[in-house]
Every structure is written in structure tokens, then in C-alpha cells.
Amino acid sequence: METSAPLVKSVLRALQVLEAFEKEPEIGLSELACRVGLPKSSVYGLAETLKSRGYLDQDAATGKYRLGLKAFELGELFKGRLDLRSEVLPVLNRLAGEYRETTQLAILQERETVYIERVESPWSMKFSSRIGMRLPAHSSGSGKAMLAFLPGEEFTRRFEGAVLERFTPRTITDVEVLKQHLAMIAARGFAVDDEESELGVRSVAVPILDHTGQPVAAISVAGPTYRITYEVVDRIAPALMSEVYRISRRFGYKGGGR
């Protein structure tokens with residue numbers, strides 16, 4: 001990014017120290033100096049200054065530094081200012097205009113998918129949803145897309161002993177089979193509801209991920225199977241992943257494009 005304003009070197013160096021913790025939760029002074037590319041004495045002064053303001057913390061036993069509460073508070077403040085619906089609505093409109101199918105934004109609540117925004121297809125025959133509508137996550141494209149990126153222990157907490165309701169002959173009702181299916185979704189980056197919640201309806205969904213790689217929400221394109229064929233799925237999925245990747249970056253996601 002080009003700027004004509006003078007840059008303050010000490011501030012840039014302090015930011016370098018903070019950015020070193022993006023991929024490592026705790027770092028010793030020597031390693032921190034190596035990563036930042038500055039003398040240990042300089043990094044020590046920067047780290048202690050940041051610690052005095054709450055941006056860094058230090059483990060008393062190991063002496064290693066880690067991000068402090070103040071850094072977390074600022075991150076949460078920024079995340080709170082990101083209005084998910086306003087961020088995503090232009091994308092929903094763009095996708096609905098291109099594919100002429102219903103586009104939706106959903107979040108995950110325990111084992112349910114909750115739709116919080118949508119743009120409806122102009123066709124008379126379409127997938128009709130409503131804001132506030134809930135579907136079981138195991139049978140919806142958006143739900144499966146988000147479940148696929150939950151940490152394993154969190155998935156177990158939500159689904160251990162769960163009875164998965166069947167809605168069509170294609171609904172996955174075995175938790176172990178669902179886990180295997182979710183691993184495939186995580187590997188390819190998108191989910192398909194292949195008539196699993198309603199016969200004659202197919203959807204493609206991609207999760208929005210945050211800085212930890214966990215799901216914030218999901219965007220889906222849904223419509224009747226005679227229009228959303230498997231060939232159309234193959235066209236929609238890459239475009240949807242590209243759009244959602246840009247949104248995920250806004251939420252701090254650092255992974256590569258899926």
C-alpha cells in the first residue's frame with residue numbers, strides 16, 4: 001500500500017512483534033528476535049513495552065511471550081464492527097443475479113442451521129426460504145459446510161449420542177458416516193445438499209472462516225435439481241469459494257484459497 005505519510009519505525013517494529021504471533025501462540029525472546037529480524041535487546045524493549053500496555057503477556061515459568069488481553073479486546077472490538085449481513089448481502093445479490101437461484105446466509109447454532117439473510121430467485125419454481133428459518137445442520141448444505149470446519153472435539157460435543165432425523169431417502173442419519181462425509185467436505189472446501197432435506201432441491205454451500213479457521217457462517221446457492229444439475233454445481237462451487245474466501249479474509253482467515 002502506497003502512502004506519502006512518514007512511517008514511524010518504532011511503531012512498525014512493535015507491529016512486527018505482534019504479527020509474529022499469528023502462527024505461534026507462545027514465542028521465546030531469542031526466537032522472537034529471529035522472526036522479527038532485530039537484535040534481541042531491541043526486541044526485549046519492544047516486548048516489555050507491549051507487555052506493560054497489556055498487548056503481550058509472559059509465562060512466568062518459561063519466560064515465553066504470548067498475546068495479551070488487550071490484543072484480544074481490540075480484535076473482538078473490530079470483529080463486532082463487522083456487520084456480517086451487510087458484508088455478505090452484495091455477494092448474495094451478485095450470485096443470485098448470475099445464477100438466478102436463491103442465495104442464503106446462515107449461521108450454526110448447536111445442531112441447527114439458522115438462515116439470517118437471503119435473496120430470492122426470480123423463477124416461479126424455486127427454493128423458498130425465509131429469514132429465521134431453521135434446518136437440522138446434518139441435512140443442509142450450509143450446515144454441513146460449517147460442521148466440516150468445527151474442531152473434532154466440538155463436533156463430538158454436539159453430536160455424541162445424537163439421533164439424526166431422516167427427511168428423505170438421501171439424508172445421512174449415522175453420525176460416523178456424517179463424520180466421513182464432513183472430512184470430504186473439508187478437503188474440497190464446499191458442501192452439497194443433494195436432496196437431503198427436501199426431494200427435488202439441491203444446494204451448494206461454502207463456509208465463511210475466521211482467523212482460527214473455524215466457521216462464522218455459510219453462503220449457499222439453492223434451487224430445484226433440474227436447474228442445479230451436477231454440472232451446474234461444478235460451475236457454482238469455484239465461484240462461490242472465491243467469493244467466500246474474500247469475506248473470510250475480512251474475518252481474519254489466513255489460510256489459502258480453497
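What's counted below: heavy atoms across the whole structure, side chains too, no hydrogens, waters or symmetry copies.
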Criterion salt bridge (Lys or Arg N to Asp or Glu O under 4.0 Å) on E120 and R118, from CA distance to verdict: CA-CA 6 Å; E120 200 165 73; R118 70 171 179 58; 3.6 Å; yes
Are I247 and I236 linked, directly or through other ILVMFWY residues, by side chains that come within less than 4.5 angstrom of each other?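 I247 and I236: one cluster.
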Is it true that V163 and V175 fall in one hydrophobic cluster, defined by side-chain heavy atoms closer than 4.5 Å?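 Shared cluster, no.
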Using a strict cut-off of less than 4.0 Å between a Lys/Arg side-chain nitrogen and an Asp/Glu carboxylate oxygen, indicate whether [X] and [Y] qualify as a salt bridge.
{"X": "E154", "Y": "R158", "answer": "yes"}
{"X": "E31", "Y": "R35", "answer": "yes"}
{"X": "E48", "Y": "R53", "answer": "no"}

For the student: nearest non-hydrogen atoms of [X] and [Y], plus distance:
{"X": "H181", "Y": "K144", "result": "NE2-NZ, 3.0 Å"}
{"X": "Y253", "Y": "L209", "result": "CB-O, 3.5 Å"}
{"X": "I208", "Y": "S248", "result": "CA-OG, 3.5 Å"}
{"X": "V216", "Y": "I107", "result": "O-CG2, 3.9 Å"}
{"X": "F190", "Y": "V233", "result": "CE1-CG1, 4.3 Å"}
{"X": "A148", "Y": "I185", "result": "CB-CG2, 3.6 Å"}

Go through T173 and R166 one step at a time and tell me if the side chain to side chain donor-acceptor pair (under 3.5 Å) criterion holds. CA-CA 6 Å; T173 57; R166 183 183 297 279; 3.3 Å; yes
Nearest 0.5 Å, what's the [atom1]-[atom2] distance between [X] and [Y]?
{"X": "L18", "Y": "Y55", "atom1": "CG", "atom2": "OH", "result": "8.5 Å"}
{"X": "R111", "Y": "L135", "atom1": "CZ", "atom2": "CG", "result": "15.0 Å"}
{"X": "I131", "Y": "L105", "atom1": "CD1", "atom2": "CG", "result": "9.5 Å"}
{"X": "K51", "Y": "L46", "atom1": "NZ", "atom2": "CG", "result": "13.5 Å"}
{"X": "H138", "Y": "D193", "atom1": "NE2", "atom2": "CG", "result": "10.5 Å"}
{"X": "F149", "Y": "L108", "atom1": "CZ", "atom2": "CG", "result": "13.0 Å"}

Can any side-chain N or O of [X] pair as donor or acceptor with the backbone N or O of [Y] at less than 3.5 Å?
{"X": "S139", "Y": "P136", "answer": "yes"}
{"X": "D59", "Y": "G63", "answer": "no"}
{"X": "T171", "Y": "F167", "answer": "yes"}
{"X": "E117", "Y": "R85", "answer": "no"}

Taking side chain as C-beta onward, heavy atoms only, is [X] less than 4.5 Å from [Y]?
{"X": "L240", "Y": "L95", "answer": "yes"}
{"X": "E101", "Y": "R227", "answer": "yes"}
{"X": "P224", "Y": "R202", "answer": "no"}
{"X": "V88", "Y": "V244", "answer": "no"}
{"X": "F251", "Y": "L84", "answer": "yes"}
{"X": "V17", "Y": "L50", "answer": "yes"}
{"X": "L29", "Y": "V43", "answer": "yes"}
{"X": "E195", "Y": "T225", "answer": "yes"}

Salt bridge (charged side-chain N to carboxylate O under 4.0 Å, His left out) with E176: which residues, sequence neighbours excluded?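 Result, salt bridge (charged side-chain N to carboxylate O under 4.0 Å, His left out) vs E176: K179.
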Which residues satisfy the salt bridge (charged side-chain N to carboxylate O under 4.0 Å, His left out) test with R134, sequence neighbours excluded?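 R134 satisfies salt bridge (charged side-chain N to carboxylate O under 4.0 Å, His left out) with E112 only.
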D194 and Y230: CA distance, side-chain angles, deciding distance, side chain to side chain donor-acceptor pair (under 3.5 Å) verdict: CA-CA 9 Å; D194 197 6; Y230 295 126; 2.8 Å; yes
What verdict does the side chain to side chain donor-acceptor pair (under 3.5 Å) test give for T113 and S140, after you've listed the backbone C-alpha separation in whole Å, the side-chain angles of each residue and the deciding distance to 0.1 Å? CA-CA 7 Å; T113 306; S140 69; 2.8 Å; yes
Between D57 and R66, is a salt bridge (Lys or Arg N to Asp or Glu O under 4.0 Å) present by the stated rule, with each step listed? CA-CA 5 Å; D57 194 8; R66 58 192 172 216; 3.6 Å; yes
Starting from the C-alpha separation in whole Å, work towards a yes-or-no answer on side chain to side chain contact (heavy atoms under 4.5 Å, CB included) for V206 and Y245. CA-CA 9 Å; V206 176; Y245 175 70; over 6 Å; no
The test is side chain to side chain contact (heavy atoms under 4.5 Å, CB included); show your working for K40 and V36 and say whether it passes. CA-CA 10 Å; K40 190 188 293 187; V36 174; over 6 Å; no
Would you say CD of E160 has more than 12 non-hydrogen atoms from neighbouring residues, nucleotides or ligands within 6.0 angstrom?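 Open: at most 12 neighbouring heavy atoms sit under 6.0 Å from CD of E160.
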For the residue pair T102 / S121, report whether a side-chain donor-acceptor contact shorter than 3.5 Å exists.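 S121 vs T102: no donor-acceptor pair found between side chains.
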On the six-membered ring of Y99, is R94 placed so that its NZ or CZ lies under 6.0 angstrom from the centre and within 45° of the ring axis?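 R94 over Y99 ring: no.
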For F21 and L67, run side chain to side chain contact (heavy atoms under 4.5 Å, CB included): C-alpha distance rounded to whole Å, both residues' side-chain angles, the deciding distance at 0.1 Å, then the answer. CA-CA 7 Å; F21 293 88; L67 290 178; 3.8 Å; yes
Show the numbers, then the answer: is there a side chain to side chain donor-acceptor pair (under 3.5 Å) between Q104 and S220? CA-CA 5 Å; Q104 303 163 112; S220 63; 3.0 Å; yes
